[in-house]
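Quick caveat: nothing in here was measured; it's all calculated off a predicted structure. Numbering starts at 1 and runs along the sequence shown.
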Amino acid sequence: MKYITFLFIAMLTFSSCTDFLDKEPDDMLTLEKVFNNRQNTLEWLSAIYSSVPNTFINYHQEGPLSDDMAPHAEWTGWFAYDIVGKQMGNWNPSSEDNNDYWRVLPKKIRQAQIFIQNVKPIENQNLTVEEAERMKLEARFLIAYYYALLVEFYGAVPFTVEPIDLDAPYDVLMMQQVPVHQVIDWIDNELLEVSKGLPASYTNPTLYGRATSLMCLAVRSRLLLLSASPLLNGNKDYMNHKNPNGEELFYSEYDVNRWQRAANAAKELIDAAHAAGKKLYTVYNPDGTVDPFLSCRGILMTKESAGNTEILFANPNPGDYGAIDRWSIPRSVPGAGSYGVTQSLVDAFFMENGLSPILGYENNDYSKPIINPASGYTETGFSTEPEVRNTGWQECQGNVNPGQVTMAGAYNMYCHREARFYIAVLYNRAWFSKTAEGGRQTMFLKGEQDGGISMDAPRNGYLQNKLAHPDRDNVNVTFPYRPAVNYRLAEAYLNYAEALNECDPGNPDIMKYVNLIRVRAGIPEYGTGAGMITEPQGQEEVRQSIYKERRVELCCESSIRYMDIRRLKIGEEILNRDFYGMNYFGSKLSDDKNDPDAYFVRTRYQTRSFQKKNYWFPVPQSEMDINPNLVQNPFWK
């Protein structure tokens with residue numbers, strides 16, 4: 001079409017102060033006028049980038065749909081969507097979808113396709129041949145990335161590599177879904193090809209956030225791990241789920257070569273990242289040892305330009321990143337302290353000695369943990385003195401007692417845990433430094449200043465801390481900048497270890513890359529050397545050790561845990577059950593299970609529902625009503 005409506009948006013600079021926010025249409029431009037003007041060309045490209053996800057708003061959608069995040073039940077009714085209702089199974093194809101990827105991303109894909117067809121050098125406006133060609137590669141990356149997101153959430157989707165003329169015949173416009181493996185194969189090949197023409201990074205800060213070769217390889221690695229996993233590899237549940245042409249939309253036969261393909265993709269990403277100077281973000285103590293507290297705290301809070309070598313793909317302009325801070329600040333600070341983490345996540349973190357505190361649950365009842373006696377973990381009693389470690393972390397009475405991790409009187413459940421626990425979880429009687437009085441303990445008991453009964457109190461006894469900036473200060477309305485990290489090197493290590501264990505069990509690279517992450521986390525490596533812990537034996541034990549490491553290392557980050565639950569096909573086991581936390585109605589600092597007022601007692605706060613249909617988002621009903629060639633995703637009605 002010659003004429004199109006062009007959405008003007010914020011000028012494309014891709015610096016840390018730019019917002020990718022659409023404005024209202026205010027002009028009609030021809031394609032010729034758009035692409036004969038450098039500024040209009042850049043604005044068009046910026047519009048395509050504007051749907052790159054912002055990990056700091058995952059409390060809207062994917063985070064709470066996993067078993068990591070726990071918004072207060074009274075969030076229901078306060079938002080234009082019902083995430084708590086979705087947790088409990090109150091969801092259908094007509095439900096609100098905050099991301100709305102099915103409708104939004106195809107529009108961005110079409111914009112990118114038109115961009116590729118029309119972008120050109122404008123020598124008199126300093127848009128060079130080299131820049132125009134690079135921007136074409138960026139647009140190609142975005143097309144492949146957005147298709148990858150569609151596949152991750154919906155499975156089989158309509159697919160085209162060329163823009164369809166809006167004047168095309170009806171039967172052409174009414175596209176049908178394409179078999180998922182065809183789309184994955186195209187994305188795989190496209191991202192690999194595009195990666196060959198893009199730089200690994202940019203030295204010009206105005207280009208931060210623009211597509212790189214490492215971004216291509218990172219998206220490819222995550223997608224191929226999905227394609228190799230049980231949801232898409234050997235899953236018989238979707239047999240005979242066909243499009244109107246009679247094509248099977250999902251492959252149902254198991255193929256170990258898909259794991260090999262995922263392992264190869266992850267290793268290619270790792271090698272390319274290392275060659276570009278990428279490594280795990282690590283902070284060291286003055287004595288040369290790893291400081292796991294400052295290392296793990298800085299992973300998501302430190303900019304690439306400030307030395308964060310772990311970032312592979314980040315949105316440098318995450319908009320209102322302070323929202324996640326406000327939801328995670330205790331009520332009286334003042335904050336809206338109601339966005340928590342689950343008890344099962346608390347249980348998942350290792351002990352300081354690197355062992356799992358909990359081996360499982362009796363009859364899958366999360367109120368009855370099977371405690372690992374070798375770990376030293378206990379759920380009874382309270383500490384008698386502060387715990388101090390070798391760290392420069394100062395979030396627990398920092399300058400008063402350097403290296404302090406917990407307060408005297410801390411519930412023993414929270415003592416002697418690994419560093420990642422303290423970075424991710426704010427529990428009752430933990431120290432909170434950003435208060436008017438210069439710091440104090442949190443007070444989550446019923447009737448206390450931070451506690452219930454209120455929608456601004458943690459419904460299950462915990463606030464999430466990992467996504468919140470350590471210098472957040474609601475008293476002075478200060479919410480420091482941080483990038484929205486979508487992919488980082490630790491995920492690549494874990495992708496590689498998992499895929500390699502499935503196609504080449506026993507390969508020494510498996511534990512090598514798991515151990516690299518454990519060293520940075522400050523817990524013992526698996527092995528036979530001094531100070532190490534016994535290495536898991538056999539493919540299944542290794543598999544479970546990788547799953548455990550992945551759970552705690554990548555917790556609360558974007559949709560990673562939610563996709564892991566789905567791709568591993570464990571949703572019914574993990575999400576279709578009662579969820580527990582501490583006693584929201586508890587008014588005593590007690591762990592007496594026979595006292596209804598005791599706070600430190602595992603207490604059910606929610607019953608969730610997960611069914612076969614929930615492995616994929618439903619095709620929006622409004623789209624089904626428009627397009628008769630679409631088929632609804634399996635088990636949705």
Would you give me the side-chain donor-acceptor pairs under 3.5 Å for residues 119-127, sequence neighbours excluded?
from   : atom 1 : to    : atom 2 : distance (Å)
Lys120 : NZ     : Asn36 : OD1    : 2.7
Gln125 : OE1    : Arg38 : N      : 2.8
Gln125 : NE2    : Asn36 : O      : 3.1

*Distance only, no hydrogens: is a donor on one side chain within 3.5 Å (strictly under) of an acceptor on the other, for Gln606 and Gln87?*
yes
*asked:* I'd like to know if the side chain of Asn264 pairs up with that of Gln260 as donor and acceptor (distance under 3.5 Å, no hydrogens or angles considered).
replied: yes
*Name the orientation class of the two ring planes belonging to His274 and Tyr493 (parallel below 30°, tilted from 30 to 60°, perpendicular beyond 60°).*
perpendicular
*Examine Tyr615 together with Phe610 and report whether their ring centres are nearer than 6.0 Å.*
yes
*Applying side chain to side chain donor-acceptor pair (under 3.5 Å), run through Tyr238 and Glu248 and close with a yes or a no.*
CA-CA 9 Å; Tyr238 306 145; Glu248 293 273 2; over 6 Å; no
*State which residue, out of Tyr154, Tyr146, Phe153, fulfils the ring-ring contact (aromatic ring centres under 6.0 Å, His included) condition with Trp102.*
Tyr154
*asked:* Please give me the minimum heavy-atom distance between Ala492 and Ile270, naming the atom from each residue.
replied: O-CD1, 3.7 Å
*More than 12 heavy atoms of other residues, nucleotides or ligands under 6.0 Å from NZ of Lys637: is that the case?*
no
*So Trp91 and Trp636, would you call those rings parallel, tilted or perpendicular, with 30° and 60° as cut-offs?*
perpendicular
*Looking at CD of Glu553 and CD of Glu491, how far apart are the two atoms once the value is rounded to the nearest 0.5 Å?*
10.5 Å
_Quick check: closest heavy atoms across Gln177 and Ala156, and the distance to 0.1 Å?_
CG-O, 3.4 Å
*Measure from the ring center of Phe159 to the ring center of Tyr147 and say whether it is less than 6.0 Å.*
yes
*Can you name the nearest heavy-atom pair linking Arg261 to Asp185, along with the distance?*
NH2-OD1, 2.8 Å
*If you measure from CG on Leu232 to OG on Ser227, what distance do you get to the nearest 0.5 Å?*
7.0 Å
*Is the Phe635 to Trp616 ring centre distance short of 6.0 Å?*
no
*Can Glu193 and Asn189 be counted as having a side-chain donor-acceptor contact under 3.5 angstrom?*
no
*Mutual orientation of the aromatic rings belonging to Phe250 and His241 [parallel < 30°, tilted 30-60°, perpendicular > 60°]*: tilted
*With a 3.5 Å cut-off and no angle check, do the side chains of Arg103 and Ser622 form a donor-acceptor pair?*
yes
